[in-house]
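Quick notes on the structure that follows.
Along the sequence shown, residues carry numbers from 1.
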Amino acid sequence: MELRRTSAMNLDKFIKDHLEPNRSFRMRVRKAVNEICSFLKERCFQDASHPVRVSKVVKGGSLGKGTTLRGRSDADLVVFLSELRSFREQLDRRGEFIQEIRRQLKAFQRETETGVQFEIRKPRRPGKPRALSFAFRSPELDHKVEFDVLPAFDVLGLWTVGPEPHIHEDYRPDPQIYVRLIDECTSLGKEGEFSPCFTELQRAFLRQRPTKLKSLIRLVKHWYQLCRERRGKPLPPQYALELLTVYAWERGCKVTSFSTAQGFRTVLELVVDYRKLCIYWTKYYDFENPIIGQYLRRQLKQPRPVILDPADPTGNVAAGPGGDGWWRLAQEAAAWLRYPCVENWDGSPVGSWDVGLLGKSSWDTGLQGESSWDTGLRGESSWDIGHQRESGDFRISISDISYSSIDEDEQNPNYEMLLEKPSCSCAIL
């Protein structure tokens with residue numbers, strides 16, 4: 001059954017029947033990933049012209065985060081190399097390591113008799129590639145597994161005295177890690193370029209979430225793939241939609257048992273109102289350090305949408321490759337708001353979570369061409385709370401998070417961030 005024809009009450013069944021990978025699929029894919037990880041760590045650089053030590057290989061992507069879709073397997077394998085001692089070195093030398101990995105993969109395929117095949121892709125970016133992309137096939141798999149292998153600087157390990165850091169629920173990196181990141185990124189003009197160095201944090205941020213939230217993320221990813229098939233590129237990065245789903249749940253629900261239809265509708269509404277999004281988390285970094293705080297304030301002044309990577313403050317994932325495709329995705333989301341999967345049995349819309357966006361939204365005004373979803377930041381808040389107008393800004397402080405919406409015609413807004421409790425898990429301004 002197609003998602004658009006699925007009723008709201010049957011969304012959980014749709015996810016279980018069509019999106020969740022079964023145990024056999026997970027076991028076969030896990031075996032393939034482990035084979036590649038073993039190859040990268042134990043064999044890949046044995047014959048290199050100079051000694052190279054792989055300190056660890058970390059699984060990222062959907063496999064690492066626990067949000068794999070049935071029939072679609074992708075994994076980011078981040079290879080942390082002891083020879084890389086700075087972000088600049090990673091940028092300058094990753095090309096040579098990628099070439100060595102490519103050479104060893106071809107040699108491994110020639111020598112193996114198990115039917116393993118590697119289909120190496122052309123680099124996505126000319127010049128110095130960021131990753132080696134290839135498809136892995138074996139007799140035990142009924143489909144290929146897509147891999148991106150990324151050499152990286154082990155900055156978390158470098159700043160840890162003793163054994164490797166255990167990324168537990170309350171783990172927080174040394175702020176000097178982010179001070180160094182900000183310094184090197186800004187001097188190189190490469191903000192967001194070194195997010196692979198924080199793959200362990202990205203993975204932990206999503207992997208620790210409730211099972212049903214991961215199911216909702218799978219549903220949003222499936223919807224995103226349908227939009228991609230229909231619209232093509234460019235579209236916003238899929239990672240931005242994953243984080244948007246987490247934000248919707250944190251701000252509007254935060255219970256482990258919830259209505260999937262309500263969660264899905266909330267995400268669609270947020271996509272429609274993408275020009276209001278300015279989201280960040282303070283789980284791994286915050287405003288306490290003056291250098292980090294000043295940098296974050298600058299990041300949050302960027303044109304909307306802004307969704308900061310919770311593990312990397314230099315990465316605005318909403319403005320990544322395809323970031324200019326938000327309006328295309330918003331058109332799709334506006335159309336999907338009329339489908340049965342987000343409607344009650346009588347055709348009325350299912351309720352969505354109150355996540356705190358200001359202004360009147362398109363689902364309140366109807367869908368009449370571009371103007372119905374391209375609403376910007378106009379309109380009064382529908383909340384029954386006090387607000388004040390100062391120099392063209394609305395500033396509303398609710399609980400432990402503050403919100404600010406700025407008139408579109410104000411070129412240099414008087415931006416102010418109000419932090420009543422700096423330990424808040426996420427915020428939207």
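For the pair R121 and E119, the salt-bridge criterion is met [side-chain N within less than 4.0 Å of a carboxylate O]. Salt bridge annotation for E332-R231: present, with a cationic side-chain nitrogen under 4.0 angstrom from a carboxylate oxygen. The pair K59-D76 fails the salt-bridge criterion, with no side-chain N (NZ, NE, NH1 or NH2) lying under 4.0 Å from an Asp/Glu carboxylate O. Under a 4.0 Å N-O distance rule, the pair E191/R298 qualifies as a salt bridge. Taking the charged nitrogens against the carboxylate oxygens, D154 and R85 have no contact shorter than 4.0 Å, which rules out a salt bridge. In summary, D273 and K276 engage in a salt bridge, as defined by a charged side-chain N under 4.0 Å from a carboxylate O.
Between Y295 and V179 the shortest side-chain heavy-atom distance does not fall below 4.5 Å. Under the 4.5 Å side-chain criterion, counting only non-hydrogen atoms from C-beta, E193 is in contact with R130. Put simply, the side chain of R209 does not reach to within 4.5 Å of the side chain of K65, judged on heavy atoms. Residues E20 and T211 are not in side-chain contact: their nearest non-hydrogen atoms beyond the backbone lie 4.5 Å or more apart. In this structure the side chain of L219 never reaches within 4.5 angstrom of the side chain of H18, judged on heavy atoms. At a threshold of 4.5 Å between non-hydrogen side-chain atoms, the residues F205 and K283 count as touching. Between R4 and C341, the closest side-chain pair of non-hydrogen atoms is not below 4.5 Å. For the pair L81/R53, no side-chain contact is recorded, criterion being any heavy-atom separation below 4.5 Å from C-beta on.
A ring-centre distance under 6.0 Å is not found for W327 and Y274. For F39 and F136, the ring centers are positioned 6.0 Å apart or more.
A distance-only check finds no donor-acceptor pair linking the side chain of Y247 to the backbone of E242 [under 3.5 Å]. The backbone N or O of R275 lies less than 3.5 Å from no partner atom in the side chain of W326, so there is not a single donor-acceptor pair. For S62 (side chain) and T67 (main-chain N/O), no donor-acceptor pair under 3.5 Å exists by modelled atom type. Using modelled atom types, one side-chain atom of R328 and one backbone atom of P234 make a donor-acceptor pair closer than 3.5 Å. Panel note: side chain E184, backbone R88; a donor-acceptor pair is recorded below 3.5 Å. With K221 contributing its side chain and L69 its backbone, the two residues share no donor-acceptor pair below 3.5 Å. The closest donor-acceptor contact from the side chain of T245 to the backbone of I217 lies at 3.5 Å or more, if one exists at all. Side-chain atoms of R218 do not come within 3.5 Å of backbone N or O of R70 as any donor-acceptor pair. A distance-only check finds a donor-acceptor pair linking the side chain of W249 to the backbone of V255 [under 3.5 Å]. Counting only distance, with no hydrogens or angles, the side chain of Y178 and the backbone of A311 share a donor-acceptor pair below 3.5 Å.
What you find for Y171 and L156 is that their closest heavy atoms are OH-CD2, 4.0 Å. Of all non-hydrogen atoms in L235 and R228, the two that sit nearest each other are CD1-CA, 3.6 Å. Heavy atoms only, all atoms of each residue included: Y239 and P310 are closest at OH-CD, 3.8 Å. For L150 against A131, the heavy-atom pair with the smallest separation is CG-CB, 3.7 Å. Of all heavy-atom pairs between A248 and W353, the closest is O-CE3, 3.4 Å. A8 and V350 get closest at one heavy-atom pair: CB-CG1, 4.1 Å.
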I would like to know whether L277 and R304 meet side chain to side chain contact (heavy atoms under 4.5 Å, CB included); could you show each step before the answer? CA-CA 6 Å; L277 299 177; R304 281 31 170 176; 5.6 Å; no
Run the side-chain hydrogen bond (donor to acceptor under 3.5 Å, both in side chains) test on E229 and Q225 for me, step by step, so that the C-alpha distance in whole Å, both residues' side-chain angles and the decisive distance to 0.1 Å come before the verdict. CA-CA 6 Å; E229 291 170 5; Q225 294 297 333; over 6 Å; no
Show, in sequence, the C-alpha distance, side-chain angles and deciding distance for W281 and I279, and conclude whether the side chain to side chain contact (heavy atoms under 4.5 Å, CB included) test is met. CA-CA 7 Å; W281 284 265; I279 302 171; 3.7 Å; yes
Given the rule in the side chain to side chain contact (heavy atoms under 4.5 Å, CB included) test, do R93 and E96 qualify, once you have shown the distances and angles that lead to the verdict? CA-CA 6 Å; R93 298 189 61 194; E96 67 182 82; 3.1 Å; yes
Apply the test side-chain hydrogen bond (donor to acceptor under 3.5 Å, both in side chains) to residues D309 and S195: give CA-CA distance (whole Å), side-chain angles for both, the deciding distance (0.1 Å), then the verdict. CA-CA 8 Å; D309 188 330; S195 62; 5.0 Å; no
Please determine whether side-chain hydrogen bond (donor to acceptor under 3.5 Å, both in side chains) holds for the pair S352 and E269, giving the CA-CA distance in whole Å, both sets of side-chain angles, and the decisive distance to 0.1 Å. CA-CA 8 Å; S352 57; E269 291 177 350; 2.8 Å; yes
Pair L308, L296 - check side chain to side chain contact (heavy atoms under 4.5 Å, CB included), show working. CA-CA 9 Å; L308 294 189; L296 285 175; 3.8 Å; yes
Please lay out, stage by stage, how R203 and E200 fare under the test salt bridge (charged side-chain N to carboxylate O under 4.0 Å, His left out). CA-CA 5 Å; R203 184 180 66 175; E200 292 164 288; 5.4 Å; no
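Atom CD of Q294 sits in a sparse spot, with 12 or fewer heavy atoms from other residues, nucleotides or ligands closer than 6.0 Å. Atom CD of E288 is surrounded by 12 or fewer heavy atoms from other residues, nucleotides or ligands within 6.0 Å.
Aromatic ring orientation, W223 versus F264: perpendicular (interplanar angle above 60°, classes split at 30° and 60°). Taking the six-membered ring where tryptophan is involved, the planes of F14 and H222 are tilted, since the angle between them lies from 30° to 60°. Using a 30° and 60° split on the angle between ring planes, F87 and F194 fall in the tilted class, from 30° to 60°.
Here the CZ-OG distance, from F147 to S133, works out to 11.5 Å after rounding to the nearest 0.5 Å.
For the residue pair S24/N22, the side-chain donor-acceptor check at 3.5 Å is not satisfied.
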